[in-house]
Amino acid sequence: MERLYTKDTQAIFWNNNKTAIQRMLDYDYTIQRETPSVAAIVAPTSGNKFEKFFYGPDEVMIPLFKTTAEAKAAQPQADVLLNFASFRSAYDVTMEALEIGGFSSMMITAEGIPERLARGMNQTAREKGVTVIGPATVGAITPGAFKVANIGGTITNIVNSKLHRAGSCGLVTRSGGLFNELSNIISINADGIAEGVAIGGDRFVGSVFIDNLLRMEKNPDVKYMILLGEVGGTEEYKVIEAIKNGQITKPVIAWCIGTIAKHYDSGVQFGHAGASANAESETAEYKNNAMKEAGIHVPNSFNDLPAMINKVFTEMNIADIPEPEMNTVPASRRSKEFICTISDDRGEEAHYCGFPISSVATPETGFTIGDVMSILWFKKRYPRWAVDFLETVLKTVADHGPAVSGAHNAKVTARAGKDVISSLIAGLLTIGPRFGGAIDGAAEHFKYANDNDLTPKEFLGHMKKSGIPIPGIGHRIKSLKNPDLRVTGLMKYAKENFPSTPLLDYARTVEELTTSKKENLILNVDGTIGILMVDMWRALGYTDEEIDVFIDAGALNAFFILGRSIGFIGHILDEKRLAMPMYRHPMDDILYDVKKAEEL
Ligand code: ACO
Ligand code: LMR
């Protein structure tokens, strides 16, 4: 890997840390990235499906997942894990992501992961070729391309420190605070940085100085490197070694913080867990001298570092970097109350999922009502066989005569003088688990039984235990002897046009058993539709999770609702046309069994 991040890099952000994510998106907008740098968020305890963030003046939705595996499966291109889990779970989160694979780098922010675990984790990552930044870090940045969470601070700080576009320095520090300090110094004394990493303050961090410097040596954007080490550890000696053996050829400027330690009587533990010298060779002074001897540019004190940077940079004669165009994040923004992902009525002509109405409305467009339904309901234009099936369903359930529950209610309401809408709603309100609204239930239960390899007998037993009639089975007037020809028609269409019908085939074996008990316990029209929709969606490549979302939303009953509205409206218009008087049910058709009320 030559570059840690590019302008296309996308991350999976573990933990819904809204402020940090917003900072990343503000950065993206400022540098005019085409895609948000965060592709998904892992939020194990959230029931939400997405989180809204500002992208400049507008808002974008970033999907939320309960697990890293789900997030990675949905956003496979996101190859950076930003692990913002607490120190209690950061290890498990990293190990799981290493197991899932497909990540080129991971950043771990938690401080205080037990050292034994951290060593094992870093070793596993190294074996798998994954660059780990941290633990205990603010992360890394490739200016003008990708910035981890809070590194560099606010947008104002970032622009002031020239972190909005690539400069020529490769910067590696341990500390995040000093990283920001140094980027500012570099922006004043040179032309900014090309890639910067704060490797983290723990004793055992994943990628160490040498790993980052060797990558920067290969990165053509990096012209020289600055290393800000600190008292404690021996990692600086690996850099000296790499210079000696010619692995690092670009100029290196370095300074080790903590020279003050010599003024204390005994060993001092500085803020970072790793910042304490256990031997003379681990002191800042010793390391500074050793680096100087190896030809690294080491100033006499931290105060002299800016001048040293300026000198090395000036001597390199690097061409001026043109300032890129930038967006300005608006000072005040308002979050939107509603979200719409299916149609857009702004502009000259409204669109259905990107199709202007004029491109779908008239016959020569080739769009039928089924096409429009598939794009508005499922946001995809289905192939002809599937669109034809949707339309076959609508036509099949459009009406079933005046005696069925819903049509009866619509007729009674119309005769009470109510308008079309009220009468239609009265009819629609009748659709439910017994009448027309068993489609989702049928899909759910038959899919469950089939997925779990239940035999028809086991399925019946399972449903009996749950205490509900099997949705999609049974009819008041249709039976083996008086078959429902609508069902026959739907099955015929599916057999001739679907790539395969595994769930229907299973349902027919269940029907064999139920009709052997009672001949009207046939697979009814609701059941056939629900089951065939699952077969259709599977053939169209939907995952089980996606199909479950449709079922949970009630999308299947919606086909009956839409289709039967045609019939209900027909019956209502029929009543109006015939100017039928108000209906009163004959009293002799009611069993009155009213006792005298008891006295309190
Ligand atoms: N699963 C198991 N047993 C059933 C089912 C079923 N789906 N449907 C009826 N039975 C049994 C009943 O338990 C009852 O048994 P019992 O005689 O031992 O008491 C017997 O069959 C008769 O039951 P009823 O409810 O009187 O049957 P009816 O013919 O009146 O009901 C109905 C028809 C309401 C459709 C019923 O079969 C049912 O609830 N089915 C499930 C829901 C459903 O699929 N509805 C959609 C129908 S199609 C449409 O509306 C477009
Ligand atoms: C319908 O389509 O309305 C029915 O199958 C219900 C019925 O009783 O006919």
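When a ligand or atom number is given, it counts from 1 through the structure's own listing order.
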Query - Heavy-atom side-chain proximity of Y382 to F389 below 4.5 angstrom - result: no

**Report entry** Pair D371 + R384, salt bridge at N-O below 4.0 Å
**Finding:** yes

Query raised in the report: What protein heavy atom sits nearest atom 9 (O) of ligand 2, and how far off is it?
Result: H400 ND1, 2.7 Å

**Report entry** R381 charged N/C atom sitting above F367 aromatic ring, 6.0 Å / 45°
**Finding:** yes

Query raised in the report: Ion pair present between R333 and D58, side-chain N to carboxylate O less than 4.0 angstrom?
Result: no

Query raised in the report: Residues two or more places apart in sequence or in another chain: which of them pass side-chain hydrogen bond (donor to acceptor under 3.5 Å, both in side chains) with T488?
Result: none

Query raised in the report: Below 4.0 angstrom, N of the basic side chain to O of the carboxylate: do D526 and K478 qualify?
Result: no

Report task. Please tell me if the side chains of I531 and L523 come closer than 4.5 Å, counting only heavy atoms from C-beta onward. Result -> yes

Query raised in the report: Which atoms from ligand 2 have a heavy atom of V404 less than 4.0 Å away?
Result: 3 (O), 6 (C), 7 (C), 8 (O), 9 (O)

Query raised in the report: Which protein non-hydrogen atom lies closest to atom 3 (O) of ligand 2, naming both residue and atom, and how far is it?
Result: R564 NH1, 2.9 Å

Query - Within reach of ligand 2, part of R486 (heavy-atom separation under 4.0 Å) - result: side chain

**Report entry** Atom-level proximity to ligand 1, residues with heavy atom under 4.0 Å
**Finding:** P433, R434, F435, G436, A438, P469, I470, P471, G472, I473, G474, H475, R476, K518, N520, L521, N524, V525, D526, F560

**Report entry** Cationic tip of K72 above F103 ring, under 6.0 Å, 45° of axis
**Finding:** yes

Report task. Could you check atom 6 (C) of ligand 2 against the protein and tell me its nearest heavy-atom contact, residue, atom and distance included? Result -> H475 NE2, 3.6 Å

